[in-house]
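The next block holds one structure in the form of C-alpha cells; read it before the comments.
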2 protein chains.
Amino acid sequence: MNTRVARATISDVAKAAKTGKTSVSRYLNGEQHLLSDDLKARIEFAIKQLDYRPSQMARGLKRGRTRLIGLIIADITNPYSVDILSGIEAACREKGFTLLMCNTNNELDQEQHYLDLLQSYQVEGIVVNAVGMNEEGLNRLQQSALPMVLIDRKIPGFACDVVGLNNAKATKEATEHLIQQGFEAILFISEPTGTVNTRRERLDAFRQTTSQHQGVAAENAQAPLHDASQIDDILRNFHSRYRGMRKAIISANGSLTLQVARSLRRVGLNWGSDIGLLGFDELEWAELAGVGISTLKQPTWDMGYCALNQVISRIEGDKSSIKESTFDGVLIIRGSTSC
Amino acid sequence: MNTRVARATISDVAKAAKTGKTSVSRYLNGEQHLLSDDLKARIEFAIKQLDYRPSQMARGLKRGRTRLIGLIIADITNPYSVDILSGIEAACREKGFTLLMCNTNNELDQEQHYLDLLQSYQVEGIVVNAVGMNEEGLNRLQQSALPMVLIDRKIPGFACDVVGLNNAKATKEATEHLIQQGFEAILFISEPTGTVNTRRERLDAFRQTTSQHQGVAAENAQAPLHDASQIDDILRNFHSRYRGMRKAIISANGSLTLQVARSLRRVGLNWGSDIGLLGFDELEWAELAGVGISTLKQPTWDMGYCALNQVISRIEGDKSSIKESTFDGVLIIRGSTSC
DNA sequence: CTGTTAGCGCTTTCAA
DNA sequence: TTGAAAGCGCTAACAG
C-alpha cells in the first residue's frame, strides 16, 4: 500500500498495470471495446488499488472540456434564487456537469469579476440570474461566445437564450383575481424598475389589465427593498387616500412581499381584513402569516432545470436561433385576498 | 484585432509583447519588480489588447494550487445553510478563492460522489455542512489529508476542525427562558437524533436543564421532517396530556419549526395563547407568524466566515492541533413565548 | 533583468 | 490491440 499523500496519476496506474498511459486513458474514456479483457482487468485493478481519480484539471487543459458550468446569482439569500439553483443543480447532476457558483451580492462589479473568473476556469457555459450587466461585461461575454442563458431577465440588445415567467399572463391573472374579489383600488409596488424587464413587464401588464376595468383605481409605487420608512409611507398614503374603498396591494417579488408585510404590521394594517395583499413568488411561510398571504407561484425549480438543459444543448452544439422559454405561474389564493 | 474565438494564451501575449512567456508569467504573479518598465508596459498593453486571462486550469495543473474550495452542503433549500453559505462566500471573495458548490440533497451517496468530484478538481480544501458521512467517505478523506472543516456537526472518531454553536449554552438559555415564563410542561422536538451530535447535544442540555427545575415536566419527541401526521399526533398528544398546564414546545431547528407551526395550525392550536413555541434558528418570517415566534438565532454568517478562514489557514500550512470554534446563539423573544 | 527549457496529468495522433 | 510521443497553458528552475 502506498503511503504517499500525493494522488496517483495516470502514469502510476499505467505502471501498476504494466501498460501505457494510452490504454488507461482509453479505459477511462469508455473505449473499452478496444482493450483486451486481460488488460482491462489489470487496469481496473490498478485503479482500485491506487484509488485513482483522473485530474479534471489536466483533462480540462487537454481537451478544453472542463465539464464546468458557471452560475452567477444575484443574491443567494433570496429564496427564489435558491429554488432556481436547486433545479439547476439537479440538471447538472444528471448531465455530469459541476457548478461553479458565484454570488454577486447584487453588486455590478462583482458580476464583472466573476464573469472573468468563470472564463479563466474555462467553464463551458454560464447561467445568469442577476441584476443587470454593464456594457463592458456584455461585450466581453458576447465576444467570448460562451453558451449562456439568462434567467428571469432579458437584456436589451443582448441576444441570448432566456428562461422566465410569462409575466403578462401571470400579472393579468393576479390582477383580475383582485378585481373579481371586489377590490376597488390596487397598488402595484415594486423595486425601482430601472432597466429590469421583469419589473417593467409586470407593471405594464398591471396597467393594461386595470385599464380594462371600469371603476378600479390603479396605482403604482417603487421603493428600494431596504428602505423601510419609504415603504411605510407608501402604504400609509395609499391606505388613507382610498379611505372607504376596498384596497389591495400587489408586490412584484417575494423579497418585497416580506418587506411589505413587515411594513403593514408596523403601520397597523392587517392583510385580509384592512387591505388585500398578493405577492409574486411563493413563500414557505405564506400560509402562516396571519390569515395567509396569496401568492403567485413561479415554477422555479423547473425554470432552473430548463435553463441548465438549455446551456447544455448549446454546449453540445445546438446552433438554432435564440430560444425564449416562458413558464406559467400559479395563483395560490389565501386569506389575504379572499376577505 | 483578432477574430478567433479561442482565447489568447500566455504565448500569444509573449509574442505580442515581443518577449518570452517567463516574463509574462512574472508579470502576472506579482514579480513585477524584476521587470524593466519598458517590458512591463509592453506586456500590460498586450494583455489588454488580447483580453488575456490566464487559464486557471493550466495554472492549477502546474502549481497544484487551484484556488478552489469545495463546499458540501446538505440542503441548499435550508435557509440556515444559505446564511452559512453567504458567510463562506464572503470569505472566499476576500481571500481570492472560488467555491465549488455541491448540494447533496441529504443523500449519502451524493455526498460520496461529490467528495470524489471535489478531489478530482483538486480543490485545496473542503467545507462540509452535511448530514452524515459513511465510513468509506471518511477513510478516503482522512487519507487524502485535504484541509477540511465541518460545520454544525462533529463526526465521532474523525479528527477535523469544527465550527458550530455552543449547543449546551444555547439550549440552557432557551429552556430557562421558557421556565421563567412559567411554562410547566415543555416538549423538545427534533428530527430523529441518530448520530447527529447537534441534535443529541441539544436534547441532552434540555434534559439537564429541566431536571434542575422542580415541577417542570420535560418531554421529548422525534419525527422526520416531512411526516406531517406524525408531528400532528405528537403535538395533539402533548397538548392533551398536560391539559390545564402551561405548555411550550422547543423545536430543534428552523426547518422543523416551520413544520411545527404548520402542524399547530392544522390541529388548531395557537402559539402564544394555547401553547408556547420557541425554535432554534432565526426565521425571516418569525415576527409575521401570528404573535411572532421566539427563536434562538445562530450567528450563521460568522460561522460560515470562520469556517472558511479556518480551511484557508490550514491550506496555508497551519499545523496546529484540531480547532473547535463555537459560537453563542442569541435568544430572540417574541409573542410565542411571552404570553 | 530576461529567456530557454522541462514538465504538471492528461488525451490524441500516429505507428507498430 | 497496444504504446510512444507530442503538446494543452502555465510555472519554475536554470542560464545568460
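In the text below, chain A, chain B and the rest are named by the order of the sequence lines, each starting its count at 1. Computed over heavy atoms, backbone and side chain alike; hydrogens, waters and symmetry mates excluded.
B:Pro147 pairs with exactly one of B:Asp318, B:Ile315, B:Ile312 by the side chain to side chain contact (heavy atoms under 4.5 Å, CB included) rule, that one being B:Ile315. Applying the side chain to side chain contact (heavy atoms under 4.5 Å, CB included) test between A:Thr19 and each of A:Leu35, A:Val13, A:Ile43 identifies A:Ile43 as the sole match. Considering A:Ile88, A:Val127, A:Val123 as possible partners of A:Leu99, the one that fulfils the side chain to side chain contact (heavy atoms under 4.5 Å, CB included) test is A:Ile88.
Residue B:Arg42 is the one, among B:Arg42 and B:Leu61, whose nearest nucleotide of DNA chain C lies closer to the 5' end (criterion: closest heavy atom).
B:Ser55 has no side-chain polar atom (N or O) that falls below the 4.0 Å cut-off from OP1 or OP2 of D:dG9. An OP1 or OP2 oxygen of D:dC10 is reached within less than 4.0 angstrom by no side-chain nitrogen or oxygen of B:Tyr27. At D:dG9, none of the side-chain N or O atoms of A:Tyr121 fall inside 4.0 Å of OP1 or OP2 (strictly under the cut-off). Distances shorter than 4.0 Å separate none of the side-chain N or O atoms of B:Arg26 from OP1 or OP2 on C:dT2. The phosphate of D:dG3 has OP1 or OP2 within less than 4.0 Å of a side-chain N or O from A:Ser23. In this model, the phosphate group of C:dC8 is not approached by any side-chain N or O of B:Arg63 to a distance below 4.0 Å at OP1 or OP2. Look at B:Ser36 and you'll find a side-chain N or O under 4.0 angstrom from OP1 or OP2 of C:dT2. Phosphate contact (OP1/OP2 of C:dT2, side-chain N/O of B:Thr22, threshold under 4.0 Å): absent. Regarding contacts with the backbone of D:dG9, every side-chain N or O of B:Thr9 stays at 4.0 angstrom or more from both OP1 and OP2.
Summarising the geometry, the separation between CZ on B:Arg7 and P on D:dC8 is reported as 15 Å, rounded to the nearest angstrom. Atom P of nucleotide C:dT11 and atom CE of A:Met57 are separated by 14 Å, given to the nearest angstrom. Going from atom CG of A:Leu50 over to atom C1' of C:dG9 covers 15 Å, rounded to whole Å. Rounding to whole angstrom units, OH of residue A:Tyr52 and P of C:dG9 are separated by 10 Å. One atom, CD of B:Glu31, and another, C1' of D:dT11, lie 10 Å apart when rounded to the nearest Å. Rounded to an integer number of Å, the gap from NZ of B:Lys15 to P of C:dT4 is 12 Å. Put simply, CG on A:Asp38 is 8 Å from P on D:dT2, counting in whole angstrom units. Between B:Ile10 atom CD1 and D:dA12 atom P there is a gap of 11 Å when expressed in whole angstrom units.
Nucleic acid contact class of B:Leu35 (heavy atoms, under 4.0 Å, all strands): sugar-phosphate only.
Checking D:dG3, C:dG3, C:dT11 against the side-chain heavy atoms of B:Thr19 singles out C:dG3 as nearest.
The shortest side-chain heavy-atom distance between A:Tyr121 and B:Thr98 falls under the 4.5 Å cut-off. Between B:Leu85 and B:Met101 there is a side-chain heavy-atom pair separated by less than 4.5 Å.
Looking at A:Lys21, its side chain has no donor and acceptor atom pair within 3.5 Å of the base of C:dG9.
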